[in-house]
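Counting begins at 1 with the first residue of the sequence.
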Amino acid sequence: MFSGILVKILSIALLITVGIVLVLGIGTLFKGGETSKKYSNKLMQLRVLLQFVAILVLVAFAYFFKN
């Protein structure tokens, strides 16, 4: 019971984190100028990394908590 709630909370937190980084990256991209040059690519790289981690964690949850 407790582990199911923990899995749901962690899954939602990971997905929200990826969404926030995505929105920040797109916002920085559209802002343009020096800010875009400095941060846009790094934020998108961070998004890809976070997506990879989120997918690994979600697949691990699905594997270990089949019931």
Next item on the list: Would you check if F52 and L56 make a side-chain contact, meaning some heavy-atom pair closer than 4.5 Å?
Entry: yes
Check: Is any side-chain heavy atom of S11 less than 4.5 Å from a side-chain heavy atom of V57?
Finding: no
Next item on the list: Verify the cluster assignment for I16 and L43: are they in a single hydrophobic cluster under the rule of side-chain heavy atoms below 4.5 Å apart?
Entry: yes
Next item on the list: Please answer: with hydrophobic residues joined when any side-chain heavy atoms are less than 4.5 Å apart, are L14 and Y63 in the same cluster?
Entry: yes
Over all atoms of both residues, closest heavy-atom pair of [X] and [Y]:
X   : Y   : answer
L15 : L58 : CD2-CD1, 4.3 Å
M44 : I26 : CE-N, 3.4 Å
S40 : T28 : N-CG2, 3.8 Å

Check: Using links of under 4.5 Å between side-chain heavy atoms of ILVMFWY residues, direct or through other members, which residues join V59 in one cluster?
Finding: I55
Item checked: Connected hydrophobic set around V23, excluding itself, where side chains approach under 4.5 Å -> none
Margin query: More than 12 heavy atoms of other residues, nucleotides or ligands under 6.0 Å from CZ of F61: yes or no?
Written below: yes
Check: Roughly how far, to the nearest 0.5 Å, is the CG atom of L46 from the CD atom of Q51?
Finding: 10.5 Å
Item checked: Qualifying residue, where the test is side-chain contact (heavy atoms from CB on, under 4.5 Å) with I9 and the options are I5, V7, I12 -> I5
